[in-house]
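Chain letters run A, B, ... following the sequence lines, proteins first, then strands; residues in each count from 1. We use all heavy atoms of the structure for the numbers below, so side chains are in, but hydrogens, waters and symmetry mates are not. Computed from a predicted model, the values in this text were never measured in an experiment.
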2 protein chains.
Amino acid sequence: MTPTRIKLDRGRGALGPALELVHTGRAPTRAVLTTELGVTRATAGAVATELQALGLITVDPRPHAASGAQGRPSHRLDIAPDGPVVLAVQVHADGYRVALVGLGGRIVATAPACMTVDADPARIIGDAVTAGAELLHATGRRCLGAGLAVPSAVAEPEGTALNPLHVAWPAGARVHDIFRDCLTEAGIGVPGRCGNDVNLAALAEHRHGAGQGAQHLLCVATGHRGVGGALVLDGRLHTGSAGLALEVGHLIVDPAGRACHCGARGCLDVETDPLALLETAGVTPDPARSPLDQARALLAGDHPEAAAVADAVAQLVDRLGQGLAAMVNVLNPDRIILGGLHQSLLAAAPDRLRSVVADRSLWGRSGSVPILPCSLGHNSLVGAAELAWQPVLDDPATVLAGG
Amino acid sequence: MTPTRIKLDRGRGALGPALELVHTGRAPTRAVLTTELGVTRATAGAVATELQALGLITVDPRPHAASGAQGRPSHRLDIAPDGPVVLAVQVHADGYRVALVGLGGRIVATAPACMTVDADPARIIGDAVTAGAELLHATGRRCLGAGLAVPSAVAEPEGTALNPLHVAWPAGARVHDIFRDCLTEAGIGVPGRCGNDVNLAALAEHRHGAGQGAQHLLCVATGHRGVGGALVLDGRLHTGSAGLALEVGHLIVDPAGRACHCGARGCLDVETDPLALLETAGVTPDPARSPLDQARALLAGDHPEAAAVADAVAQLVDRLGQGLAAMVNVLNPDRIILGGLHQSLLAAAPDRLRSVVADRSLWGRSGSVPILPCSLGHNSLVGAAELAWQPVLDDPATVLAGG
DNA sequence: TCACTTTGTGCAGCGCCGAAACAAATCCGG
DNA sequence: CCGGATTTGTTTCGGCGCTGCACAAAGTGA
């Protein structure tokens, strides 16, 4: 016997694109959905009805709060408040975070952040997934998928984490397999997908943050150590042929710079990270505090020698600008988003950074590339959720029926 | 009255992909077409019938030359020998080339190459298009489009050629508009599209040459002066948000290197071009001959001091490898193709180049990225034709009916 | 109150494809 | 030389997903 599938003779092929529009906030009403999808009102209506039947959205027939426009007001489309969610996990240098994330990138529930570091990836991921299972049980929400963000490149299609890892895991850890095993062990029968944290942050920013509307979005972020990059092309993450694209940490930005473990000198990685800022400003790092925190404190003015800090900022901004210019010349993005310390550097000297990028990238035109800070709080976590939502956005009916 | 369109109730949506398979030589028979398209034999049959009706292919019911396999032999699909063509024009530093190119990238007819240099883009493009019109008249073939390759970045969507131009044209020449005007003036009522020569060469290599089957193809080539790059992603040219992607000439590959007009030192552009080879080998350039020819003569052993040449080659290969490694870290391609002088450098020291790229790119894995020479003769010209064929590949029925 | 504008819905129809049955062409084994 | 086995091409039927159209519904403005 065939499963009891919603019978509708319209609106299956356009279902995914429609859900994506609602998901990214670009379809507040049915009328907008019609124009954005480029279909007839009949089709858009059938699509909305089916998405509602699937429990993903709600349709509010009441007028859209006196829009002021002429004609019959369009029905509002809202993300179902008690709809399904996905499990999102982010592992970082100091622990992990777990959350349930609904459509629209909205964090529905969060487990207390864990701040312990464990050298065994199976244990830390297992703990996180267990916390997620408890969250699911407590909220009673249906779970459609799971995503994991790790601070390392993830090789495709094997799903192994590669050096340099910014957690104390063994190189080549098969995070994809581990994540899947943990999910089945915890009784969460959903597929799990893994990705690099900066990549996923870029995806989240593109869908719900400062990257909305960009066609070619470049995202660069420095965390505690090392630089990560990501590229979103036409709404899709570009991870290269083996998942190793945008490993931009070793572009040379200062020929006479610091020695890097890669063998070269003046890599972006060692020239623009928190330790470089501390060192350039003449501050001895306090091993008890994270370098990122100390660097941010410096930028916040928490230092007696303001001139030394300003000089250090100028130097790092120049190096960063050089690296960004190289990426602009290679990728020609139409927007750049910075995270981590790079975001703070942008805030400290926006004009200097923009002019360096403009000068160093060809044609001068590139000076018009907008450089913006991240706008989402836990963008890697939301990005992990995006990874989990992707199959639903691609084919909502099948995924919903499969559960 | 509706136009007399071929009436078929099957095979319209799959028509484009099917033609692309035939075009790239991946569908020699109807059976292969069926499996490659992932459709039923019924659909593939209808598609083949319609492509035949459109005059694009011929179906040969005779057996495929005793294939040896069991079962009924599949019908062969061939590109129609007298089918439509496109007009391809390539402008380079020394003149222009014109050809008619059929499906499959086959050059059907060529006008005598022009070797005069003209500072007026309208005149040189106009001459080329006139030569193309004569070719069309002489052969009597139907023309479906026109493509132009220029040795400069082409800004999208304005279609202007940008500095550095490697012909003596004014910066910002509106080549797209000029090309279109020339086409209408010559009585060729087809749309014209323009692109950078290296980009188009990469497209041609991906479809018909050494790049076949690559998902993420990186192409780097040096011509007479300056380095060009191109990236083909999933069969589509990636030109960035404004057509300026892969302007890789100003990646820094030698901190202590030559001064470049961009203001930096040791750019890939000035470190790996023919003049750099001559200079490093201690040869005074002969202004009467092209630097590329002299450099190639050097590589061919046409020089008394072989040791100096070998040292120069080693140095340029190291610089090139450094630049390629940076691109590998940013783009993670699964194949690299080199053209121009870079191709000759690869031939001269393949192992050295590959090991430099492997050492300088992260993970060591990248050492497995195949680096190959170009395999097509006039790849920019064929690439210009690809540009013109693209609308046909996207929707054959509409383009064929529109004429 | 009556146009006018815009939006939602039901119905007919059609393009495009899959499933299945049938026909054709070749190889293989006797 | 002759029947299976195997693979391929063709025909027919039906369904899915959409468009186009007509009509109803819900607001604004004179």
Salt bridge (Lys or Arg N to Asp or Glu O under 4.0 Å) partners for [X], two or more places apart:
X        : answer
A/Asp78  : A/Arg76
B/Asp394 : B/Arg236
B/Asp334 : none
A/Glu205 : none

Checklist line | Under 4.0 Å protein heavy-atom contact, by nucleotide of nucleotides 3-9 of chain C - B base, S sugar-phosphate only | finding: --BBBBB
Checklist line | ring-ring contact (aromatic ring centres under 6.0 Å, His included) against A/His216, all qualifying residues, sequence neighbours excluded | finding: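 Applying ring-ring contact (aromatic ring centres under 6.0 Å, His included) to A/His216 gives B/His238.
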Check: Distance check: side-chain N/O of B/Thr43 vs OP1/OP2 of C/dC16, anything under 4.0 Å?
Finding: no
Check: Over how many whole Å does the gap from A/Asp395 atom CG to D/dG17 atom C1' extend?
Finding: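 A/Asp395 atom CG is separated from D/dG17 atom C1' by 14 Å.
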Notebook entry, point to check: To the nearest Å, how far apart are B/Asp60 CG and D/dT8 P?
Noted result: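 Rounding to the nearest Å, CG of B/Asp60 and P of D/dT8 are 17 Å apart.
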